[in-house]
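What you see is a predicted model, and the numbers here were worked out from it, not measured in a lab. Reminder, nothing fancy here: chain letters follow the sequence lines and each chain counts from 1.
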There are 2 protein chains.
Amino acid sequence: MADIARLAGVSKATVSRALNRSTLVSEDTRTRILALASSLNYTINIGAQNLRLKQNRTVGVVVPYDAGVRQELSDPFFLSLLGSLADALNARGFDLLLSRVDAEQLDAAATPFDTGRVAGIILIGQWRRHEQLNTLAARQVPMVVWGAQAPQQRYVSVGGDNASGGMLATGHLLAAGRRRIAFIGDITQAEVAQRYRGYCQALAAQGLAPDPQLCVPASFLAQDGAHAVRQLARRGVVYDGLFACSDLLAMTAINTLRTLGREVPRDVAVVGYDDIALASYFHPPLCTIRQPVRAAGEALVASLMALIEGRPAESLQLPAELVLR
Amino acid sequence: MADIARLAGVSKATVSRALNRSTLVSEDTRTRILALASSLNYTINIGAQNLRLKQNRTVGVVVPYDAGVRQELSDPFFLSLLGSLADALNARGFDLLLSRVDAEQLDAAATPFDTGRVAGIILIGQWRRHEQLNTLAARQVPMVVWGAQAPQQRYVSVGGDNASGGMLATGHLLAAGRRRIAFIGDITQAEVAQRYRGYCQALAAQGLAPDPQLCVPASFLAQDGAHAVRQLARRGVVYDGLFACSDLLAMTAINTLRTLGREVPRDVAVVGYDDIALASYFHPPLCTIRQPVRAAGEALVASLMALIEGRPAESLQLPAELVLR
DNA sequence: CTGAAAGCGCTAACAC
DNA sequence: GTGTTAGCGCTTTCAG
């Protein structure tokens, strides 16, 4: 900026004003400065500007990883959520700083905030240790979390309506005449637990009780769909419907059912969750519960903006929708 | 930092030294300052530190979008590449700033660099306008691009070996006895053009000539796989093999073949490209060309680090690998 | 309308 | 060992 000032024969102050389109600078000095700046590919240094203005137009998006697995960022649902966050932030003139933290050390998620890198944090992905989030919130870290609402939660969350999703999925299978419906998912995860609750409610509405033999634990790793189906086979339990808590689980489950000689949907009807892009290309057509990714990104960003500006923000549940295929 | 200094009864300089683990500070003042800082959740403000040190440990990852479609960031291959970039950068203590630019305005990709936000740029995704990249490179923007090597390119690129990938895919189909092999892909894209070249070479090795009737244009949008298969049907052209330039195209192509009453792989054998996670769960099993995502992220970051540190960096091609399923 | 000067939070000579 | 001071690139009073 000093260079531009020298070349234009004015002071740094005038250059600053011209570049910020202040009205306190004459028409022709402004155009002269602007021309000079663009010819030199000069742009205001945001770091210095932030320092001076004590502002910050960057948001941190944090995705936890399992220290053990150290797997790639690979869940299609979270990946597409990330894309929608990028768009929602860009639209508001915010940058997105992506970082990954150990799922057990969630307090590390606040580092980019503590170091002044970002104005707030959006947390997406899977983890447990909810109490660490409360600790962060107590520290006044502006933060919005994707996921289920916990009973004692002191932070703002945005999530899908998992209970309703579970009901829709199970209700659809029941409506198709299925009566023995298996459930695949990790019910120690809050979101999955809510889907399981919806599952139980839908069964109860038909006067059916959930059979614990039909509930199989599974992580969000795709291959667990295969494990779960084999587990059901080992248990020797009879079933004609299957509700999988992600589309990836549903797909591997379907392939495994096929290798076990069971035809989908004739022998076992399957419903997945998320409605990832690939669900519509799968064969047989995969019926699923859509999570509104676009709206989710928007809502997460809108809530975070409120927190950053000191306005209150409510936790939110977005509607789940049954996609028939 | 001033607060900490006051509370510890020392100067800001001492606090700075203690926090940076300088040896010029006595053992017990250091521990006292460190304790104070952590109890207050205080961390050095990176923005101010960067300004003072004229350094920057952030890298910009830029993903172009089509202004028309304004689609979500959704290509599974680029998404997983993004994940591997996040890991590779994190491992080096760098942050990742994600931004999206209009594919027609690639010069905007340099904005985060011009504004001093990032030390360099990694560009992934699809675009045309290669000449804009040369312009950026001429401006000395440290930049590494994922993709094909162009003849007159003045920037550093890292990409897969597309010619070899095309040969492997086609060679596999030929080895399976297929002789009429369709090609689906947008050969105006440099990477796809190279795959097409590999396709032609593999055919030539068997004394076959490529039939233009068998080459169908398609974008990377998944549904184009369906369009392409219908196009082939309209042309009334006979084929028993199909090489699709992405797994998504292959999957929609397969589903469309099925609706047209053609069985895969009996009537038409199919090979895809990328080896995205879902390829292994697809039915029928999808044979594909693997792009080494992990190595790609590493290589992109390593090359960018070289450029940032003023070392030379060579453009690079990573080996393609045939995945049989 | 424009310039001089102070200061955002930090670090690195240079003193002591 | 520790403190003083100048300055990274910017904005913004306050004077002119």
Side-chain angles (χ1 to χ4, degrees), chain A residues 1-38 40-58 93 95 110-119 308, chain B residues 1-38 40-58 93 95 110-119 308:
Chain A
M1 180 178 274
D3 295 348
I4 306 266
R6 192 158 24 74
L7 290 169
V10 296
S11 70
K12 286 190 305 176
T14 304
V15 175
S16 170
R17 284 191 270 255
L19 261 25
N20 289 302
R21 274 126 186 94
S22 155
T23 49
L24 302 97
V25 60
S26 77
E27 177 63 31
D28 67 328
T29 46
R30 186 186 38 238
T31 50
R32 190 157 42 95
I33 291 170
L34 255 37
L36 209 48
S38 83
L40 291 159
N41 285 312
Y42 169 82
T43 320
I44 290 176
N45 180 309
I46 306 255
Q49 188 182 50
N50 283 345
L51 184 60
R52 174 66 230 235
L53 260 33
K54 292 162 155 285
Q55 65 161 20
N56 191 329
R57 296 185 66 79
T58 304
D95 283 323
T111 310
F113 176 77
D114 292 334
T115 59
R117 303 230 45 177
V118 303
I308 289 173
Chain B
M1 180 178 274
D3 294 349
I4 307 264
R6 192 160 22 76
L7 289 169
V10 296
S11 72
K12 285 191 305 177
T14 304
V15 176
S16 170
R17 284 191 271 254
L19 261 25
N20 289 302
R21 274 126 185 94
S22 155
T23 49
L24 302 99
V25 60
S26 77
E27 177 63 32
D28 68 326
T29 45
R30 184 184 42 237
T31 50
R32 191 158 39 97
I33 290 171
L34 255 36
L36 209 48
S38 84
L40 291 159
N41 285 313
Y42 168 83
T43 320
I44 290 177
N45 180 309
I46 306 256
Q49 189 183 49
N50 283 345
L51 184 61
R52 177 61 231 232
L53 260 34
K54 293 160 154 289
Q55 64 160 20
N56 192 328
R57 295 186 65 81
T58 304
D95 284 322
T111 310
F113 176 77
D114 291 334
T115 58
R117 302 228 48 176
V118 303
I308 289 173

Short side-chain N/O contact from [X] to OP1 or OP2 of [N], under 4.0 Å:
X        : N       : value
Ser16(B) : dG9(C)  : no
Gln49(B) : dT11(C) : yes
Lys12(A) : dT2(C)  : no

Point to revise | First encountered from the 5' end of DNA chain C, between Arg17(B) and Ile46(B) | key: Ile46(B)

Could you tell me if the side chain of [Y] sits less than 4.5 Å from the side chain of [X], heavy atoms only?
X        : Y        : value
Thr23(B) : Arg30(B) : no
Asn20(A) : Gln49(A) : yes
Arg17(B) : Val10(B) : no

Review point. CG/Leu51(B) to CD1/Ile46(B) distance, rounded to the nearest 0.5 angstrom?
Key: 13.0 Å

Point to revise | From Ile33(B) atom CD1 to Ile4(B) atom CD1, the distance as rounded to the nearest 0.5 Å | key: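 Ile33(B) CD1 to Ile4(B) CD1: 8.5 Å, rounded to 0.5 Å.
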
Review point. For Ala48(B) and Thr29(B), take the nucleotide of DNA chain D holding the closest heavy atom to each; which residue's nucleotide lies nearer the 5' end?
Key: Thr29(B)

Revision key, fill the gap. Heavy-atom nearest nucleotide on DNA chain D taken for Ser11(B) and for Leu51(A); more 5' hit belongs to Ser11(B)

Review point. Of all the choices, dT2(C), dC10(C), dG3(C), which nucleotide is nearest to the side chain of Ala13(A) once you look at every atom?
Key: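 Nearest listed nucleotide: dG3(C).
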
Practice item. Just do the side chain to side chain contact (heavy atoms under 4.5 Å, CB included) check on Val15(B) and Arg6(B) with the steps written out, would you? Key: CA-CA 10 Å; Val15(B) 176; Arg6(B) 192 160 22 76; over 6 Å; no

Exercise for review: Just call it for Asn20(B): base, sugar-phosphate, or nothing, with non-hydrogen atoms closer than 4.0 Å on any strand.
Suggested key: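 If one applies the 4.0 Å heavy-atom cut-off, Asn20(B) turns out to touch the sugar-phosphate alone, with no base involved.
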
Please state how far atom [atom1] in [X] lies from atom [atom2] in [N], giving the value in whole angstrom units.
X        : N       : atom1 : atom2 : result
Asn50(A) : dG7(C)  : CG    : C1'   : 16 Å
Ile44(B) : dG9(C)  : CD1   : C1'   : 10 Å
Leu24(B) : dA15(C) : CG    : P     : 16 Å
Arg52(A) : dC10(C) : CZ    : P     : 16 Å
Met1(B)  : dG7(C)  : CE    : P     : 19 Å

Point to revise | Between the first and last five pairs of the helix from dC1(C)-dG16(D) to dC16(C)-dG1(D), the angle of the axes, rounded to 10 degrees | key: 40°

Review point. Glu27(B) and Thr31(B): side chain to side chain contact (heavy atoms under 4.5 Å, CB included), yes or no, with the steps?
Key: CA-CA 6 Å; Glu27(B) 177 63 32; Thr31(B) 50; 3.7 Å; yes

Point to revise | First and last nucleotide of DNA chain D, 5' to 3', lying under 4.0 Å from heavy atoms of chain A | key: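 From 5' to 3', the first and last contacting nucleotides are dG9(D) to dT13(D).
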
Exercise for review: Apply side chain to side chain contact (heavy atoms under 4.5 Å, CB included) to the pair Thr115(B) and Asn45(A), showing each step before the final yes or no.
Suggested key: CA-CA 5 Å; Thr115(B) 58; Asn45(A) 180 309; over 6 Å; no

Exercise for review: Start with the C-alpha distance between Asp3(B) and Tyr42(B), add both sets of side-chain angles, then the distance that settles side chain to side chain contact (heavy atoms under 4.5 Å, CB included), and finish with yes or no.
Suggested key: CA-CA 10 Å; Asp3(B) 294 349; Tyr42(B) 168 83; over 6 Å; no

